[in-house]
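A short worksheet on the structure shown next.
Note: hydrogens, waters and symmetry copies are ignored here, and every other heavy atom, side chains too, is used. Proteins come first, then strands; the chains are lettered A, B, ... in the order of their sequence lines, and each starts at number 1.
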Number of protein chains: 2
Amino acid sequence: MSEFQPKQERSAHTRAEILAAAQTAFARSGYESATVAEICELAGISKGAFYHHYPSKQSIYLELLHDWLADFDRGLLALRASAENVPALLRAMSASFPAIFQVAEGQLPILLDFWVQAARDPAMWEATIAPFARYYALITDLVQDGISEGSLQAVEARQTALILVSMGVGALLQGLLAEDSAQWGTVGQDGIELILHSIERKPEER
Amino acid sequence: MSEFQPKQERSAHTRAEILAAAQTAFARSGYESATVAEICELAGISKGAFYHHYPSKQSIYLELLHDWLADFDRGLLALRASAENVPALLRAMSASFPAIFQVAEGQLPILLDFWVQAARDPAMWEATIAPFARYYALITDLVQDGISEGSLQAVEARQTALILVSMGVGALLQGLLAEDSAQWGTVGQDGIELILHSIERKPEER
DNA sequence: AAATAAAAACCGACCGGTCGGTATGTTTTT
DNA sequence: AAAAACATACCGACCGGTCGGTTTTTATTT
């Protein structure tokens, strides 16, 4: 997590350095292939320093994931605040896809790795997949709100939420692996648009 | 691939044993974590026998992938033969999702692994991602056919194809990692249905 | 049909290298 | 001076792949 009272000034700086290096290393090689030595070299420190600040390789991995999820949550909250109804919010979310690609550019495998590692280690699962339940619930609530406010048809909320998430996840993952990720940014948007077209309730119909 | 003239009768049997064992091992542990020793133990043979039949760990991996893709292609061809128009075919394809989950049950990580490995090794990329271009093209043609035959609206064929594939991939991957994969089988179907609802051209409108 | 040679299949000990993590000592800050 | 930060050499486990030798099958000859 992110709150430490560093015993020394250097400490915080080194920790940040290690984290940045780890992100680079994991992105470049994936979790298993990235070595602690590689991370240390990138951070310009020694192995001793590394293990002084982190108890294990897995621990930085989890911290990186935690930070990433926190960023994601903040982004969602910001969007939610500025959208005036549910379809608009869903559109805004899908519109932020290209931005995600920008961020992820050159860090292809790391997102996939989160999944793969999660499928193996229970601790990883807890940290990676479990949060997804929150997003499912969040989108489900959103759809429910949309139905309540009359902007969406009376669809089955959870199933619809899973569909929307699937659309997003599919476009994201394929975009990560494609050569021309630019093209894929709009796929997510257009896909959500098609789905919305089927479930939206236009004002004039009310 | 699949055509060998086995020098001895035993050979083919052992090769099959190794392949089955490798599939189990990769599914259980993933590509990197699965060891050749593990595969040998599962197959009930020695390391020497393994390397007598396959030059490397990667080579069986590629053979497994190749077989998997061939199966998939056969399935697609069978569907295509029995569908009378494009929307029906797309529905049939999405309806076969639950079956895929059945097959994949308990082999969670292997599909993800194909991707992760592909992102790293050029040889893996060639074998894994490159074939996807064929499927994109196939679905694009399909959509184009649908437009021609009047069963689909005049959408942009390739973009629509990418959307359909994204929907499928997203539902598949999430289903693989979920605890109740049963639920996810229908997500793919319903998602495709929603999309079709937006792009289909009903007979009475023609 | 038996004997024999040759080739294919198989075994398991072993090698070279890697990697996460540790132990111990040195430098720097408080 | 003492505690925190850092460095370096090293350990033990693991793993893909090799190697020399043995067993089993097939082909050939007698």
Closest to the [X] side chain: [options]?
X	options	value
A/Ala49	D/dC6, C/dC19, D/dG17	D/dC6
A/Thr35	C/dC19, D/dT25, C/dG12	C/dC19
A/Tyr51	C/dT22, D/dT25, D/dT18	C/dT22
B/Ser56	C/dG20, D/dG16, D/dG17	D/dG17

Look at [X] and [N] and indicate whether a side-chain polar atom (N or O) is within less than 4.0 Å of OP1 or OP2.
X	N	answer
A/His52	D/dA5	yes
A/Ser46	D/dC6	no
A/His53	D/dA4	no
B/Thr14	C/dC10	yes

[atom1] of [X] versus [atom2] of [N]: gap in Å, rounded?
X	N	atom1	atom2	result
B/Glu38	D/dC14	CD	P	13 Å
A/Glu17	D/dA5	CD	P	15 Å
B/Ile45	C/dA8	CD1	P	19 Å
B/Phe50	D/dC19	CZ	P	17 Å
A/Glu32	D/dC14	CD	P	15 Å
A/Lys47	D/dA5	NZ	C1'	18 Å
A/Phe26	C/dG20	CZ	C1'	12 Å
B/Ile18	C/dC11	CD1	P	10 Å

According to ring pair (Phe, Tyr, Trp, His ring centres under 6.0 Å), who are the partners of B/Tyr51, at least two apart in sequence or on a separate chain? none

Between the base of C/dG21 and the side chain of A/Lys57, is there a donor-acceptor distance below 3.5 Å? no

How far apart are the closest heavy atoms of A/Leu79 and A/Ser96, and which atoms are they? CD1-OG, 4.3 Å

Can a donor-acceptor pair be found between the side chains of A/Glu149 and A/Ser151 at a distance below 3.5 Å? yes

Would you please say whether a donor-acceptor pair under 3.5 Å links the side chains of B/Ser33 and A/Glu32? yes

Above 12 or not: heavy atoms from other molecules or residues under 6.0 Å from CD of B/Glu126? no

Have a look at B/Ala34 and say if it touches a base, only the backbone sugar-phosphate, or nothing, with a 4.0 Å heavy-atom cut-off. sugar-phosphate

